[in-house]
Trainee: 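Just passing along the structure, written as structure tokens.
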Amino acid sequence: AEPTLVLRLKFLNDTERLARVRPGDTVGALKRTYFPGQEQQVRLIYQGQLLRDDAQSLAGLHLGHLSVLHCHLSPPSAAPTAPGSPGPRSPAPAALGVGSLALPLFVLLLALLWYLQLQHRHVFTATATTCLAGLTLLVTFVAFAMYRR
């Protein structure tokens, strides 16, 4: 009889579950045994590596007694639709909110102020021009920070 190993299945919420396996078992067999019906949603990670190959044996991973396998369960995907029925609708475009319009409005306002500063230089004092330049730099940094994400 093949010896059994006890593995620690550790979840994101720090709960643990013990799994009794044989070294000859595969990653897929482990998923089927301990996550029945959820094999497609479970991701197993060992020593920072995602175990993608369900056919890989546990012995090939060099697992020891009480080795930790990190488990991530993703939410189940939508059920497949029957032929002839309409498929899942594409998500509606996000509504334009005030937040998404704020930066373009600031840029437009700054462009208008720079136009006025260049056309009517005598109205703008040195302090006003310096403040306009500083505000332009601030909006530029905010724009790059927002769109860099």
Side-chain angles (χ1 to χ4, degrees), residues 1-118 128-149:
E2 201 174 6
T4 60
L5 283 175
V6 176
L7 302 178
R8 294 170 46 205
L9 303 177
K10 189 167 185 172
F11 298 88
L12 291 177
N13 62 1
D14 281 336
T15 59
E16 284 190 19
R17 192 168 150 193
L18 295 179
R20 291 193 182 282
V21 297
R22 291 187 309 273
D25 290 347
T26 62
V27 172
L30 174 69
K31 288 181 182 180
R32 281 189 300 278
T33 304
Y34 289 93
F35 304 96
Q38 297 177 307
E39 295 94 344
Q40 298 303 316
Q41 287 100 27
V42 71
R43 302 283 181 261
L44 298 175
I45 300 159
Y46 178 62
Q47 293 184 340
Q49 298 295 317
L50 179 63
L51 305 181
R52 288 190 173 95
D53 185 10
D54 282 354
Q56 183 176 22
S57 75
L58 299 177
L61 296 171
H62 307 293
L63 295 167
H65 187 67
L66 293 178
S67 290
V68 176
L69 285 176
H70 293 275
C71 304
H72 175 263
L73 281 169
S74 44
S77 59
T81 57
S85 65
R89 292 188 314 160
S90 60
L96 286 178
V98 175
S100 63
L101 294 177
L103 190 62
L105 286 175
F106 276 126
V107 170
L108 189 63
L109 182 64
L110 278 174
L112 177 66
L113 285 172
W114 277 110
Y115 173 78
L116 290 173
Q117 198 278 340
L118 293 172
T129 302
T130 304
C131 288
L132 182 59
L135 188 61
T136 302
L137 279 174
L138 178 69
V139 170
T140 302
F141 286 131
V142 169
F144 276 114
M146 281 179 62
Y147 291 111
R148 190 171 182 203
R149 285 192 256 153

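Remember, it's a predicted structure, so these values are computed and weren't measured experimentally.
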Trainee: Who are the side chain to side chain donor-acceptor pair (under 3.5 Å) partners of Gln40, not counting sequence neighbours?
Mentor: none
Trainee: Just to verify, what does Glu16 make a salt bridge (charged side-chain N to carboxylate O under 4.0 Å, His left out) with, not counting sequence neighbours?
Mentor: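 Result, salt bridge (charged side-chain N to carboxylate O under 4.0 Å, His left out) vs Glu16: Arg8.
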Trainee: In Å and rounded to the nearest 0.5 Å, what is the CG to CD1 distance from Leu51 to Ile45?
Mentor: 8.0 Å
Trainee: My understanding is that only residues two or more places apart in sequence, or in another chain, count here; which of them pass side-chain contact (heavy atoms from CB on, under 4.5 Å) with Thr130?
Mentor: none
Trainee: Between Pro23 and Pro3, what is the shortest heavy-atom contact and its length?
Mentor: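 Shortest heavy-atom separation between Pro23 and Pro3 comes out as CD-O, 3.1 Å.
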Trainee: Measure the spacing between CH2 of Trp114 and OG1 of Thr136 and express it to the nearest 0.5 Å.
Mentor: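 Between Trp114 CH2 and Thr136 OG1, I get 5.0 Å after rounding to 0.5 Å.
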Trainee: Mind checking what makes side-chain contact (heavy atoms from CB on, under 4.5 Å) contact with Ala128, not counting sequence neighbours?
Mentor: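 Partners of Ala128 by the side-chain contact (heavy atoms from CB on, under 4.5 Å) criterion, ordered by chain and then number, come out as Phe124, Thr125.
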Trainee: Among all residues two or more places apart in sequence or in another chain, which pass the side-chain contact (heavy atoms from CB on, under 4.5 Å) test with Asn13?
Mentor: Phe11, Thr15
Trainee: For a 4.5 angstrom cut-off between non-hydrogen side-chain atoms, does Leu44 reach Cys71?
Mentor: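 Contact flag for Leu44/Cys71 side chains = yes.
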Trainee: Begin with the C-alpha distance, continue with both residues' side-chain angles, and end with the deciding distance and a verdict on side-chain contact (heavy atoms from CB on, under 4.5 Å) for Thr26 and Gln56.
Mentor: CA-CA 5 Å; Thr26 62; Gln56 183 176 22; over 6 Å; no
Trainee: Please report the shortest heavy-atom distance between Pro75 and Gln41, naming the atom on each side.
Mentor: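 Nearest heavy atoms, Pro75 then Gln41: O-CG, 4.0 Å.
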Trainee: Name every donor-acceptor pair, under 3.5 Å, that has one atom in a side chain of residues 27-37 and the other anywhere in the protein, sequence neighbours excluded.
Mentor:
from  : atom 1 : to    : atom 2 : distance (Å)
Lys31 : NZ     : Asp54 : OD1    : 3.1
Arg32 : NH1    : Gly28 : O      : 3.4
Thr33 : OG1    : Ala29 : O      : 2.8
Tyr34 : OH     : Arg20 : N      : 2.8
Tyr34 : OH     : Arg20 : O      : 3.1

Trainee: Indicate every side-chain donor-acceptor pair of residues 58-70 with a distance under 3.5 Å to a residue at least two apart or in another chain.
Mentor:
from  : atom 1 : to    : atom 2 : distance (Å)
Ser67 : OG     : Gly64 : N      : 2.7
Ser67 : OG     : Gly64 : O      : 2.8

Trainee: Does the side chain of Thr4 come within less than 4.5 Å of Val21's, by heavy atoms?
Mentor: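 Of all side-chain heavy-atom pairs linking Thr4 with Val21, none is under 4.5 Å.
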Trainee: Applying salt bridge (charged side-chain N to carboxylate O under 4.0 Å, His left out) as the test, list every pair that has at least one member in residues 136-147; sequence neighbours left out.
Mentor: none
Trainee: Is the closest side-chain donor-acceptor distance between Gln117 and Thr129 under 3.5 Å?
Mentor: yes
Trainee: Strictly distance-based, threshold 3.5 Å: is any side-chain N or O of Ser57 a donor or acceptor partner for the main-chain N or O of Asp25?
Mentor: no
